[in-house]
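Structure, as structure tokens:
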Amino acid sequence: MADLTDRFGTMVFSEEVMKDYLPKDIWKRLAATLEGGEPLDLDVANAVAHAMKVWAISKGATHYAHWFQPLSGITSEKHDSFLEPNHDGTAITKFTGKNLIQGEPDASSFPNGGLRATFEARGYTAWDPTSPAFIKDDVLCIPTAFCSYTGEALDKKTPLLRSMTALSRESKRVLALFGKTPKKVVPSVGDEQEYFLIKKDAYRKRKDLVITGRTLFGAAPCKGQELEEHYFGAIRPTVSAYMKDLDDELWALGIPAKTKHNEVAPCQHELAPVYGEVNEAIDQNLVMMEKMKLIASRHDLVCLLHEKPFEGINGSGKHNNWSLGTESENLLDPGDTPLDNLQFIVFLTAVIEAVDNYQELLRASVASAGNDHRLGANEAPPAIMSIFLGDQLTEVVEKIIDGKASVHATRGVLDLGADTLPKLMQDNTDRNRTSPFAFTGNKFEFRACGSEQNVSDSNLVLDAAVAKSLKSFADALEGTPEDKFQDAALEYCKKVLTDHQRILFSGDGYSDEWPIEAKKRGLANNKTTADALPAFVSDKAIALFEETGVLTKAEAQCRYDCKLEKYNKLMNIEATTMVREARRTYRPVITAYATKVAKGLETIRAAGAEAAMQCEQNTLNKLCNGITTINDSIKALDAVHQKAEALDGQEQANVYAHEVVPAMDTLRAAVDAMEEIVAADYWPVPTYDDILFYV
Ligand SMILES: NC(=O)CC[C@H](N)C(=O)O
């Protein structure tokens with residue numbers, strides 16, 4: 001077996017491979033594009049395409065594909081063979097610079113929200129050279145952006161790249177004030193991917209799981225996660241074999257899979273890669289999710305990426321560990337020297353201001369039907385956005401607000417009563433699992449993101465919002481005389497921190513007091529996707545998107561429309577599945593069992609042993625009541641479902657969130673109550689106990 005390091009990145013057209021395959025001058029010109037955004041000319045593209053083709057074919061590839069992320073959030077690819085037939089019955093291989101740079105897929109079947117009417121059907125894909133090409137299933141996949149012919153972004157990647165540009169631009173302005181001139185500033189991200197693994201045969205027997213990705217019914221198991229024995233527990237052989245396969249494939253694809261472990265819920269696991277530049281990290285996360293599902297199938301398992309496959313136990317998040325850095329320093333690392341501390345405080349302040357100003361937009365960025373079930377319980381943060389800084393940093397911020405921090409008169413350094421900030425511990429124990437946005441030593445962990453989501457939206461909002469805060473700082477401080485800069489910077493931070501202190505919260509996000517307190521502080525609490533999404537197109541959000549150049553108004557509107565449409569469609573699918581299952585799967589079985597109990601009772605009564613049968617009579621009564629409740633609940637759900645389907649857009653979403661979901665909860669409760677009394681061999685589907693403990 002190849003050496004462990006030799007197995008890494010074998011299927012990636014990496015910088016190292018490029019250097020190997022490309023003539024020196026071509027590589028230099030390409031590197032200028034990668035680093036400085038120099039426009040790419042056709043000569044270079046032709047040479048790169050040729051090198052890519054030769055390399056890919058040497059690895060067994062037969063096709064190439066522009067690999068992109070339409071607004072559905074999942075990835076798309078159309079495979080074209082490298083082969084070109086000659087007229088004489090032979091063939092050559094061909095892949096040109098033009099093929100590399102641009103593709104022209106038919107865009108008409110991808111979601112494009114409100115822009116549909118004005119768009120031509122065609123769209124085009126454009127090579128993103130900042131994320132390396134890779135070979136997947138004998139296909140050379142080229143990461144691309146996806147736009148309409150009129151230039152509007154129709155994908156998740158384009159605005160993310162724009163937000164990176166904005167953030168780099170404004171960060172550089174701020175760093176210039178500290179006398180630093182990095183080439184670029186890049187947000188980096190490490191996404192912790194949580195998932196469930198269950199047996200394929202159990203999965204196939206659960207229509208709700210197959211169709212909606214989550215269980216719409218299911219009584220609480222006899223044992224849940226209360227014994228806390230699964231988290232970090234020894235990994236069972238079936239799961240371990242899966243994880244090894246997965247690691248191997250991810251490593252070959254250059255995905256730095258690092259940490260794997262059992263998560264809190266039975267059957268739940270996590271895989272965390274080493275962080276990387278956000279654009280590439282998200283591409284890799286999308287490939288990772290695809291591989292997780294495919295490889296599970298080879299092991300007779302199913303990987304569930306839904307945010308809440310099982311009610312009442314831990315859901316799955318994708319904690320987005322976000323930081324900002326130059327080629328030589330992490331700007332969210334408090335550092336050791338006082339001057340670094342002031343710079344750190346400026347960037348910290350910018351993040352605090354950004355999260356407070358755009359709390360509703362951040363909430364909207366993680367809004368989805370699945371995440372609605374997860375937020376607010378079982379170690380997932382509530383829907384209220386807030387920031388957890390930890391004790392030490394909270395104290396520092398309080399000192400700045402109280403005017404107890406100053407720039408040291410003679411030495412010109414930040415004075416907090418001590419020379420430096422305490423070196424903050426990157427210690428997991430200081431984490432607050434109920435916080436949506438927690439500082440963890442040298443980065444922020446955005447915990448509200450859901451496991452199934454493409455986190456481009458969350459990151460572009462975060463990048464844009466922080467870019468705006470930094471822009472305000474640079475606008476205010478540029479031109480300040482050098483000897484006054486530090487005092488002025490600290491004064492600026494003091495004001496901003498005072499204005500935005502309300503977003504800081506270190507307490508228990510699950511407590512009954514927090515929503516009340518949050519309301520007093522004026523923080524938003526958008527509990528459902530329907531409530532959260534309008535923030536995506538508020539005047540404030542549009543102004544941010546336009547000012548930072550991340551999205552035009554039309555592009556933002558189109559994203560809102562797509563998210564809304566997806567929510568409404570998913571809710572329709574869930575409500576339909578639920579009613580059908582209740583009618584066709586559960587009710588007949590409950591009725592059959594009630595009939596059996598009734599017949600048994602009759603027989604025993606005839607035999608004169610009535611007293612002993614009181615308990616069976618009680619069961620029969622419960623079953624009959626249950627059937628009535630189920631019938632009533634189906635009727636009630638049908639009615640609100642029809643009401644929702646008669647509407648569209650935001651109005652439809654509102655009815656789904658506030659009327660259909662509660663009706664679904666009622667129907668579920670009615671069926672689940674029967675699961676507890678119907679004889680096990682009658683029950684038509686595997687129960688939570690059957691599913692969660694047999695992998
Ligand atoms: N241990 C953890 O961090 C659990 C997190 C939790 N699964 C979530 O939904 O976010």
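No experiment lies behind these values; they were computed from the predicted model shown. The first residue in the sequence is number 1, and the count goes up from there. Order of appearance sets the numbers: ligands from 1, and atoms from 1 within every ligand.
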Solution key, residues 300-311 side-chain donor-acceptor pairs under 3.5 Å, sequence neighbours excluded:
{"unit_1": "His306", "atom_1": "ND1", "unit_2": "Lys308", "atom_2": "N", "d": "2.8"}
{"unit_1": "Glu307", "atom_1": "OE2", "unit_2": "Ser451", "atom_2": "N", "d": "3.4"}
{"unit_1": "Glu307", "atom_1": "OE2", "unit_2": "Glu452", "atom_2": "N", "d": "2.9"}
{"unit_1": "Lys308", "atom_1": "NZ", "unit_2": "Ile313", "atom_2": "O", "d": "2.8"}
{"unit_1": "Lys308", "atom_1": "NZ", "unit_2": "Asn378", "atom_2": "OD1", "d": "2.9"}

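- You'll find the ring centres of Phe217 and Tyr586 inside the 6.0 Å limit.
- Ligand 1 has no atom lying under 4.0 Å from any heavy atom of Glu192.
- Taking the six-membered ring for Trp and the full ring otherwise, the centers of Tyr275 and Trp322 sit at least 6.0 Å from each other.
- Paired with Asp245 under the rule salt bridge (charged side-chain N to carboxylate O under 4.0 Å, His left out), one option of Lys291, Lys260, Arg298 passes, and it is Arg298.
- Ranking protein heavy atoms by distance to atom 3 (O) of ligand 1, first place goes to Arg433 NH1, 2.7 Å.
- Remark: minimum distance from atom 9 (O) of ligand 1 to any protein heavy atom is reached at Arg374 NE, 2.7 Å.
- Every N/O-N/O distance between Ala380 and ligand 1 stays at or above 3.5 Å.
- Using a 30° and 60° split on the angle between ring planes, His261 and Phe232 fall in the perpendicular class, above 60°.
- Scanning the protein for heavy atoms near atom 7 (N) of ligand 1, the closest one is Asn314 OD1, 2.4 Å.
- Taking the six-membered ring for Trp and the full ring otherwise, Phe545 and Phe536 have centroids separated by under 6.0 Å.
- Heavy atoms of Glu270 come nearer than 4.0 angstrom to ligand 1 in no pair at all.
- Side-chain atoms of Tyr358 do not come within 3.5 Å of backbone N or O of Ala464 as any donor-acceptor pair.
- Counting heavy atoms under 4.0 Å from ligand 1, residue Glu307 does not touch it at all.
- Glu379 OE1, 3.3 Å is the protein heavy atom nearest to atom 4 (C) of ligand 1.
- For the pair Asn378 and ligand 1, the shortest N or O to N or O distance does not fall below 3.5 Å.
- Of all atoms in ligand 1, listed by their number and element, those nearer than 4.0 Å to a heavy atom of Glu263 are 1 (N), 2 (C), 4 (C).
- A centroid separation of less than 6.0 Å is found between the aromatic rings of His230 and His269.
- Residue contact check: His319 has heavy atoms under 4.0 Å from atoms 3 (O), 5 (C), 8 (C), 10 (O) of ligand 1.
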